[in-house]
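So the structure is just underneath, and the comments pick up after that.
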Amino acid sequence: MIRLAVLVSGRGSNLEAILKAVAAGRVAAQPVLVMSDNPQAPALQIARDHRVPALGVSPRALGGREAFFRLVEDTLVDARVDLIALAGFMRLLPSRLVDRFRWRILNVHPSLLPAFPGLDAPRQALEYGVRVTGCTVHFVDEGVDTGPIVLQAAVPVLADDTPETLATRIRREEHRIYPEAIRLLAEGRLVVDGRRVRIV
Ligand code: GAR
């Protein structure tokens, strides 16, 4: 069974969806580690409630980004992690980590990429005026939200949406497609072919 680590920064609703899917036997992965750059992240308690080892470290307390990511990398390697899922982890990974875990890092983003990468994607979608947005699970490469796309789901923008109501509706779809993408990867069914991901 693949060994799964999840990196989080905040709420942890995607983490919870993943851990529930694992507990229900829908995803053949063993969650071995949850790490956060925010020791106060509610996501860490969700991990502990599911009996998954959880570690929150502030980069500033360690002396900066480089030291933080060195600790992340060492911890992932020590835990013999096969797959890293970024779930609301709000930092760009160093290219060295991306390269070491090439096509073994997934991210979920709250837009239909390549539209609205980066921060505040639901707000960007509202401000642009699109009628449909959504969410994307993609492999992580060196760019910001640029890696090969695994799954996407569309979400309509409603007339009275605020960034918060839209983000909440998008998250519901994330909770469906993120565990599904991890299941496919865990079953060895994702093949990266240039920019395209084939589901075999
Ligand atoms: C999710 O909507 C995720 O797509 C987004 O943060 C939220 C985390 O929620 N990620 C990004 O914007 C990354 N660029 P959660 O902590 O409840 O899973």
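Counting starts at 1 for both ligands and their atoms, in listed order. Keep in mind that the numbers below use all heavy atoms, side chains included, and drop hydrogens, waters and symmetry copies. Counting begins at 1 with the first residue of the sequence.
- Of all the heavy atoms of Met90, the ones lying under 4.0 Å from any atom of ligand 1 belong exclusively to the side chain.
- Judged by distance alone, the side chains of Thr165 and Asp161 do bring a donor and an acceptor atom under 3.5 Å apart.
- Listed by number with element, the atoms of ligand 1 under 4.0 angstrom from any heavy atom of Arg171 are 2 (O), 9 (O), 17 (O).
- For ligand 1, the polar-atom distance check against Asn14 finds a nitrogen or oxygen pair separated by under 3.5 Å.
- Salt-bridge annotation for Arg70 and Glu73: absent, with no side-chain N of the basic residue lying under 4.0 Å from a carboxylate O of the acidic one.
- No salt bridge links Asp141 with Arg102; every basic N to acidic carboxylate O contact stays at or beyond 4.0 Å.
- With distances taken over non-hydrogen atoms, the option nearest atom 6 (O) of ligand 1 out of Gly88, Ala17, Pro117, Ala87 is Gly88.
- Side chains of Ser9 and Asp37: a donor-acceptor N/O pair is present below 3.5 angstrom, by distance only.
- For atom 9 (O) of ligand 1, the nearest non-hydrogen atom of the protein is Arg11 NH1, 3.4 Å.
- A donor-acceptor pair under 3.5 Å is formed between the side chain of His109 and the backbone N or O of Phe116.
- Scanning the protein heavy atoms around atom 16 (O) of ligand 1, the nearest turns out to be Gly12 N, 2.8 Å.
- Near Val108, meaning under 4.0 Å from one of its heavy atoms, ligand 1 places the atoms 3 (C), 4 (O), 10 (N).
- Distance from atom 17 (O) of ligand 1 to its nearest protein heavy atom, with residue and atom name: Ser13 OG, 2.5 Å.
- For Thr136 and Gln152, the side-chain atoms include at least one donor-acceptor pair closer than 3.5 Å.
- Asn107 places no side-chain N or O within donor-acceptor distance of the main-chain N or O of Val140, the cut-off being under 3.5 Å.
- Of the protein's non-hydrogen atoms, Pro110 CD, 3.8 Å is the one closest to atom 5 (C) of ligand 1.
- Counting only heavy atoms of the protein, atom 14 (N) of ligand 1 lies nearest to His109 ND1, 3.3 Å.
- The pair Arg171-Glu174 does not count as a salt bridge, with every side-chain nitrogen at least 4.0 angstrom from each carboxylate oxygen.
- Heavy atoms of Ala43 come nearer than 4.0 angstrom to ligand 1 in no pair at all.
- On a distance-only criterion, Glu174 and ligand 1 share at least one N/O pair closer than 3.5 Å.
- Put simply, the side chain of Arg3 never gets that close to the backbone of Asp82: no donor and acceptor are under 3.5 Å apart.
- Ligand 1 has no nitrogen or oxygen under 3.5 angstrom from a nitrogen or oxygen of Asp145.
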